[in-house]
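What follows is one structure encoded as structure tokens, with my remarks underneath.
Starting from 1, each residue takes its place in the sequence as its number. All values below were derived from every heavy atom in this structure, side-chain atoms included, with hydrogens, water molecules and symmetry-related copies excluded.
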Amino acid sequence: MSISLQKGQKVSLSKENAGLSNVLIGLGWDEAKRDRGLFSRKPQPIDCDASALLLKNGKLAEPSDVVYFGNLQHKSGTVRHMGDNLTGAGEGDDEQILVDLSRVPAEYDRIVIVVNIYEASKRNQHFGMIENAFIRLVDGRNNNEMCRYNLSENYSGMTAMIFGEVYRHNGEWKFNAIGQATNDPGIGALANRYR
């Protein structure tokens with residue numbers, strides 16, 4: 001049974017799911033309907049990019065610890081990005097990140113999941129143009145959704161989002177629903193928050 005989370009709520013993944021190893025982190029969003037004038041061009045689709053930042057003692061140690069569309073697999077092989085969805089079209093997850101929790105090297109204590117809008121300032125796009133955004137965690141053994149966090153606030157003017165984090169605490173894995181919007185222009189600026 002899936003747990004519906006609120007902003008800032010934490011949930012244990014290991015306690016309720018004994019033997020949990022492979023987790024699919026699904027992220028989704030839809031473009032909100034935009035009013036267009038009679039003679040205006042069709043707007044560019046909004047390209048949201050999901051990334052995973054692997055932290056050591058809460059800090060990003062090196063660029064190779066960022067898993068995103070330009071680096072689809074972490075050097076440890078334990079975190080894999082399943083590819084870039086350029087438009088967010090379609091039902092269900094728009095982008096997915098697979099994590100093998102049982103093999104994440106011990107020096108990594110958290111995996112932060114972020115999303116930014118590609119070339120947001122250049123395209124004059126922001127999260128106020130996005131609706132139905134969510135992050136969900138699925139048990140890879142049986143495809144059961146363990147928890148879901150629907151981001152329902154108005155994020156107008158914001159270009160990036162810290163969706164949530166999977167972290168290790170006292171030997172067990174937990175998830176924290178963060179939902180913090182930022183004005184970071186891209187993954188580089190988001191990553192710098194953790195240096």
Side-chain angles (χ1 to χ4, degrees), residues 2 4-8 23-36 40-55 60 63 65-74 79-99 110-138 145-166 175-194:
S2 180
S4 182
L5 300 173
Q6 301 298 314
K7 184 175 187 171
V23 172
L24 177 143
I25 300 172
L27 300 115
W29 48 80
D30 295 319
E31 233 181 275
K33 300 263 185 280
R34 293 190 250 175
D35 291 331
R36 290 186 12 223
S40 64
R41 292 188 342 226
K42 183 177 179 186
Q44 262 188 312
I46 298 175
D47 178 8
C48 290
D49 293 323
S51 306
L53 312 175
L54 283 79
L55 308 183
L60 186 64
D65 288 336
V66 179
V67 178
Y68 69 111
F69 67 86
N71 177 34
L72 293 175
Q73 182 167 299
H74 188 257
V79 179
R80 288 186 299 137
H81 192 297
M82 301 308 293
D84 192 13
N85 178 331
L86 300 176
T87 65
E91 295 296 314
D93 300 337
D94 291 311
E95 293 194 10
Q96 296 177 329
I97 296 170
L98 298 177
V99 181
R110 56 188 69 236
I111 302 166
V112 180
I113 307 300
V114 299
V115 175
N116 65 284
I117 298 174
Y118 181 72
E119 295 187 336
S121 349
K122 181 178 172 186
R123 297 178 178 190
N124 200 24
Q125 296 174 340
H126 54 84
F127 271 90
M129 302 166 139
I130 299 287
E131 60 187 10
N132 306 322
F134 67 85
I135 181 171
R136 69 191 193 108
L137 277 70
V138 176
E145 182 177 285
M146 296 178 289
C147 61
R148 174 185 289 256
Y149 170 42
N150 293 312
L151 288 80
S152 55
E153 293 178 31
N154 179 354
Y155 300 106
S156 194
M158 300 297 174
T159 56
M161 178 81 60
I162 302 166
F163 269 55
E165 63 184 1
V166 176
F175 175 72
N176 178 17
I178 297 175
Q180 178 187 343
T182 77
N183 283 312
D184 294 318
I187 184 59
L190 271 167
N192 283 338
R193 289 178 170 268
Y194 296 93

[X] versus [Y], closest heavy-atom pair with distance:
| X | Y | value |
| --- | --- | --- |
| Ile111 | Ala52 | CG2-CB, 3.9 Å |
| Ile25 | Val99 | CD1-CG2, 3.9 Å |
| Gly157 | Asn183 | O-OD1, 3.0 Å |
| Gly179 | Leu151 | CA-CD2, 4.0 Å |

Next item on the list: Start with the C-alpha distance between Val67 and Ile97, add both sets of side-chain angles, then the distance that settles side chain to side chain contact (heavy atoms under 4.5 Å, CB included), and finish with yes or no.
Entry: CA-CA 9 Å; Val67 178; Ile97 296 170; 5.5 Å; no

Item checked: Tyr68: side chain to side chain contact (heavy atoms under 4.5 Å, CB included) partners, not counting sequence neighbours ->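 Partners of Tyr68 by the side chain to side chain contact (heavy atoms under 4.5 Å, CB included) criterion, ordered by chain and then number, come out as Ser51, Val66, Asn71.
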
Is there side-chain contact between [X] and [Y], with at least one heavy-atom pair below 4.5 Å?
| X | Y | answer |
| --- | --- | --- |
| Pro45 | Glu31 | yes |
| Glu153 | Met158 | no |
| Tyr155 | Ile130 | no |

Margin query: Around atom OH of Tyr118, are there more than 12 heavy atoms from other residues, nucleotides or ligands closer than 6.0 Å?
Written below: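 Counting other residues, nucleotides and ligands, OH of Tyr118 stays at 12 neighbours or fewer.
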
At what distance, to the nearest 0.5 angstrom, does [atom1] of [X] lie from [atom2] of [Y]?
| X | Y | atom1 | atom2 | result |
| --- | --- | --- | --- | --- |
| Phe175 | Glu165 | CZ | CD | 8.5 Å |
| Ile178 | Ile135 | CD1 | CD1 | 9.0 Å |
| Leu72 | Leu98 | CG | CG | 11.5 Å |
| Leu24 | Asp93 | CG | CG | 6.0 Å |
| Asn176 | Ile113 | CG | CD1 | 12.0 Å |
| Gln6 | Tyr149 | CD | OH | 8.0 Å |

Check: Is a side-chain donor-acceptor pair under 3.5 Å present for Glu95 with His81?
Finding: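 A pair is found: one side chain offers a donor N or O, the other an acceptor, under 3.5 Å apart.
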
Check: Without hydrogens or angle criteria, can the side chains of Ser152 and Asn150 be said to hold a donor-acceptor pair below 3.5 Å?
Finding: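 Absent: no donor and acceptor within the cut-off.
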
Item checked: Flag, side chain of Asp94 to backbone of Trp29, donor-acceptor distance under 3.5 Å ->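 Checking the backbone N and O of Trp29 against the side chain of Asp94, a donor-acceptor pair under 3.5 Å is found.
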
Next item on the list: Could you tell me whether a side-chain N or O of Asn154 sits under 3.5 Å from a main-chain N or O of Ser156, the two making a donor and an acceptor?
Entry: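 Checking the backbone N and O of Ser156 against the side chain of Asn154, a donor-acceptor pair under 3.5 Å is found.
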
Item checked: Salt-bridge contact Asp47-Arg123 (side-chain N to carboxylate O under 4.0 Å) ->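 Result for this pair is no, no salt bridge flagged.
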
Notebook entry, point to check: So among Ile46, Val115, Thr159, which one has a side-chain contact (heavy atoms from CB on, under 4.5 Å) with Phe127?
Noted result: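 Only one option passes, and that is Val115.
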
Item checked: The single option from Arg148, Glu145, Met146 passing side-chain contact (heavy atoms from CB on, under 4.5 Å) against Leu137 ->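 When Arg148, Glu145, Met146 are each tested with Leu137, the side-chain contact (heavy atoms from CB on, under 4.5 Å) holds only for Met146.
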
Next item on the list: Would you sort out whether Gln125 and Gln44 count as a side chain to side chain contact (heavy atoms under 4.5 Å, CB included), showing the intermediate values?
Entry: CA-CA 9 Å; Gln125 296 174 340; Gln44 262 188 312; 4.0 Å; yes

Next item on the list: Give the intermediate values and the outcome of side chain to side chain contact (heavy atoms under 4.5 Å, CB included) for residues Met161 and Thr182.
Entry: CA-CA 6 Å; Met161 178 81 60; Thr182 77; over 6 Å; no

Next item on the list: Could you go through the side chain to side chain contact (heavy atoms under 4.5 Å, CB included) check for Asp65 and His74 one step at a time?
Entry: CA-CA 6 Å; Asp65 288 336; His74 188 257; 2.7 Å; yes

